[in-house]
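In this chain, numbering begins with 1 at the start of the sequence shown. Source: prediction; values computed, not measured.
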Amino acid sequence: MKRRQFCGVSVGAAVAAALPGGPAFAATARAIASGGADVNAVTGAGAQVTLSRASIDELAGQLRGNLLLPGNEAYEDARLLLNPSFDKHPALVVQPRGAADVQQAVDFARAHELLVAVKCGGHSASGKSSCDGGMQIDLSLLRFARVDPQARTALMGGGSLLGELDHEAMAQGLVTTAGTVSHTGVGGLTLGGGFGRVARRYGLALDNVRSVEIVTADGRLRHASAEHNPDLYWGVRGGGGNFGVVTAFEFNLHPMSRQVVAGRLVYPFAQARQLLEFYGEYGASCPDDLYLDAVMAGPPGGAEPVFMFSIVWIGDPGRADEVLAPLRRAGTVLNESIKTWDYVALQRSGDIDDPRASGSYIKGAFLPGIDSEVARRIVEAFEPHPGRSTVAAFQHSGGAINRVPADATAFPHRDAMTNLFTMVGWPFGNESAEHIAYVKSYWQGIEDVTRGFYANDARDENQAEVDHNYLGNYDRLVTIKDRYDPTNLFRLNANIRPSGAAGRARRVAA
């Protein structure tokens with residue numbers, strides 16, 4: 001906090017600044033200093049509500065963590081998401097330090113019927129981990145990762161980043177599926193699915209969840225596992241943040257060598273169609289130890305687009321050349337960067353150039369397969385533009401992911417061969433309408449060959465599309481929503497709307 005910002009602050013803030021973690025404590029103390037004004041906020045139904053300063057002070061006094069209001073330096077950091085296109089301003093931000101703080105925040109939000117957003121890593125493709133006028137529960141202080149190498153399990157705080165899990169687990173020669181960018185939040189990734197570089201061998205992140213600790217809409221802290229609250233355990237594995245705030249995850253871990261073979265093969269874009277057809281065949285039949293993404297990329301500035309295969313081989317390194325040989329024969333390799341990687345370093349390798357850190361728009365869907373006609377339509381509709389980056393990426397599914405029954409967890413898309421997502425990125429602040437319109441037009445030409453979408457990548461799908469995306473699991477999810485969140489307190493997600501009278505009233509107002 002800048003020196004001049006200390007001037008005129010209450011004595012309480014000055015004392016707090018002298019404590020460990022001074023700036024954060026000072027920000028909190030300033031937020032709750034007596035004599036401040038009431039705060040205008042919005043409810044989940046969009047109505048205006050006034051939060052009295054006395055009620056805010058009371059909430060702050062019940063927390064071990066922070067309560068931030070507009071005007072605090074820490075508030076500005078907390079409210080922002082990775083994609084700067086989302087510039088939202090919550091009425092207040094709660095930063096819990098434990099499950100008890102989450103309970104206090106949920107109780108307060110429920111009592112005032114506030115709009116609630118939950119932020120873990122801030123990667124939300126739809127911007128729903130922040131909000132305008134409501135309460136943001138920012139879990140950035142609720143981070144830890146503890147590994148039990150004998151039991152082969154890991155316990156993670158609900159606000160933890162996936163790099164913490166990779167770091168701690170691989171130190172013991174263990175791993176679980178944990179995305180592809182280390183600063184991704186564990187909550188958003190896992191509750192919606194959880195693809196990653198080892199998912200074809202070990203399943204989705206949610207397939208490796210043994211249990212969760214979750215604060216539901218009634219403010220209760222519940223343990224959910226196969227033995228305790230099994231309906232809730234089923235629902236959180238694919239139902240997203242619809243049922244509460246997860247404060248801790250317990251994962252299964254698996255033995256794996258720290259050294260893996262990974263890298264890229266780059267080809268001329270003129271061969272994209274034949275390469276995509278090859279991907280449809282080889283990607284559906286290759287060993288589970290091979291993770292194979294395909295990418296069509298048109299860089300900004302007018303440079304030539306390229307086609308790439310991005311690979312990770314976690315099997316016997318002696319077999320790597322054998323498994324990769326078909327890829328090298330599939331087209332004219334312009335550049336190859338395949339080498340032996342430290343797995344933790346590989347997981348961090350995309351952190352800086354993650355395209356979500358620029359102005360961007362993403363839309364995706366699952367493909368059950370890619371034949372020659374599908375490949376033709378996908379490639380012919382791809383249009384690079386000098387004013388943006390244009391990407392169509394195919395995230396490899398199959399393997400262990402597909403061997404789980406569609407109703408075993410709430411995540412139903414077990415028949416997908418790949419998850420196609422198109423993304424455009426532009427310098428933040430530049431006009432975006434043309435680029436977003438291109439993506440929407442692109443999808444009009446290929447949507448009929450897709451089957452559902454990855455809820456974690458949802459952007460602006462309507463409610464009917466969201467409902468249908470849960471397929472045969474939808475009715476069961478509504479039953480669980482009715483039980484644990486009948487007033488739809490947790491609605492900023494791929495929302496499952498409750499069926500009760502309160503839920504119907506809110507559906508009309510939303």
Side-chain angles (χ1 to χ4, degrees), residues 44 81-83 86 88 115-131 134 136-137 158 179 184-195 204-207 209 212 214 216-217 232 234-246 356 361-366 395 397 406-407 409-414 416 419-421 423 443 447 450-482 484-499 503 506-507 510:
L81 307 183
L82 184 65
N83 185 343
F86 301 117
K88 300 183 179 183
L115 181 66
V116 176
V118 182
K119 176 185 175 182
C120 188
H123 281 232
S124 172
S126 59
K128 290 181 178 176
S129 50
S130 190
C131 61
Q136 181 191 55
I137 301 176
T184 304
V186 64
L189 178 109
T190 303
L191 297 176
F195 289 88
L204 298 170
L206 62 79
D207 293 327
V209 171
V212 298
I214 180 172
T216 49
L232 188 56
W234 181 88
V236 297
R237 292 176 298 149
N242 271 286
F243 309 113
V245 182
V246 176
R356 286 166 293 193
Y361 181 85
I362 184 173
K363 184 171 177 60
F366 293 111
Q395 187 167 42
S397 189
D407 61 355
T409 68
F411 179 84
H413 300 285
R414 297 292 182 170
N419 175 29
L420 165 63
F421 61 91
M423 179 182 290
W443 276 91
E447 199 156 17
T450 66
R451 190 177 299 169
F453 57 87
Y454 185 29
N456 285 358
D457 291 337
R459 179 69 182 254
D460 48 18
E461 286 76 8
N462 62 42
Q463 188 62 51
E465 291 170 326
V466 171
D467 293 349
H468 179 72
N469 194 53
Y470 290 109
L471 302 180
N473 293 334
Y474 175 71
D475 289 343
R476 184 175 176 185
L477 284 165
V478 172
T479 299
I480 299 169
K481 182 75 169 182
D482 286 345
Y484 294 103
D485 186 16
T487 64
N488 207 14
L489 183 68
F490 300 108
R491 66 181 62 205
L492 292 183
N493 43 50
N495 195 222
I496 300 158
R497 298 193 173 191
S499 63
R506 283 166 172 76
R507 282 202 297 278

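With sequence neighbours left out, the salt bridge (charged side-chain N to carboxylate O under 4.0 Å, His left out) criterion links R459 to no other residue. With sequence neighbours excluded, the residues satisfying side-chain hydrogen bond (donor to acceptor under 3.5 Å, both in side chains) with K363 are E461. Considering only residues two or more places apart in sequence or on other chains, F421 meets the ring pair (Phe, Tyr, Trp, His ring centres under 6.0 Å) condition with none of them. Residues that satisfy the side-chain hydrogen bond (donor to acceptor under 3.5 Å, both in side chains) test with S126, not counting sequence neighbours, are S124. Not a single side-chain hydrogen bond (donor to acceptor under 3.5 Å, both in side chains) links N419 to another residue, sequence neighbours left out. With sequence neighbours excluded, no residue forms a ring pair (Phe, Tyr, Trp, His ring centres under 6.0 Å) with F453.
Closest approach of V466 to A494, counting heavy atoms only: CG1-C, 3.7 Å. Of all heavy-atom pairs between G235 and A410, the closest is O-CB, 3.7 Å. Across every non-hydrogen atom of N469 and A455, the tightest pair is ND2-N, 4.4 Å. Contact detail for G192 and N456: the closest heavy-atom pair is CA-OD1, 3.2 Å. Taking each heavy atom of L492 and V116 in turn, the nearest pair found is CD1-O, 3.4 Å. Taking both residues in full, the closest heavy atoms of V209 and V212 are given as CG1-CG1, 3.8 Å, listed atom of the first, atom of the second, then distance.
How far NZ of K481 is from CZ of F243: 6.5 Å, rounded to the nearest 0.5 Å. Atom CG of residue L206 and atom CZ of residue F411 lie 7.0 Å apart, to the nearest 0.5 angstrom. To the nearest 0.5 angstrom, R497 atom CZ is 15.0 Å from L477 atom CG. The structure places NZ of K119 at 12.0 Å from SG of C131, a figure rounded to the nearest 0.5 Å. Expressed to the nearest 0.5 Å, how far NE2 of H413 lies from CG of L204 amounts to 11.5 Å. Atoms CG and CZ, on L471 and R414 in that order, are 12.0 Å from each other to the nearest 0.5 Å.
Although no hydrogens or angles enter the test, the distance criterion places no donor-acceptor pair under 3.5 Å between the side chain of E465 and the main chain of D460. A donor-acceptor pair under 3.5 Å is absent between the side-chain atoms of N495 and the main chain of Q463, judged by distance alone.
Taking the six-membered ring where tryptophan is involved, the planes of Y470 and Y474 are essentially parallel, since the angle between them stays under 30° and well short of 60°. Below 30°, between 30° and 60°, or above 60°: for F195 and F366 the angle between ring planes is between 30° and 60°, a tilted geometry.
Between L191 and the choices V186, V236, V118, N493, the side chain to side chain contact (heavy atoms under 4.5 Å, CB included) rule is met once, by V236. Checked against S499 for a side chain to side chain donor-acceptor pair (under 3.5 Å), the options T479, D482, D475 give a single hit: D482.
Side-chain contact between Y484 and I214 is absent, with no heavy atoms from C-beta onward closer than 4.5 Å.
For the 3.5 Å distance criterion, the side chains of D485 and N242 fail to qualify, holding no donor opposite an acceptor.
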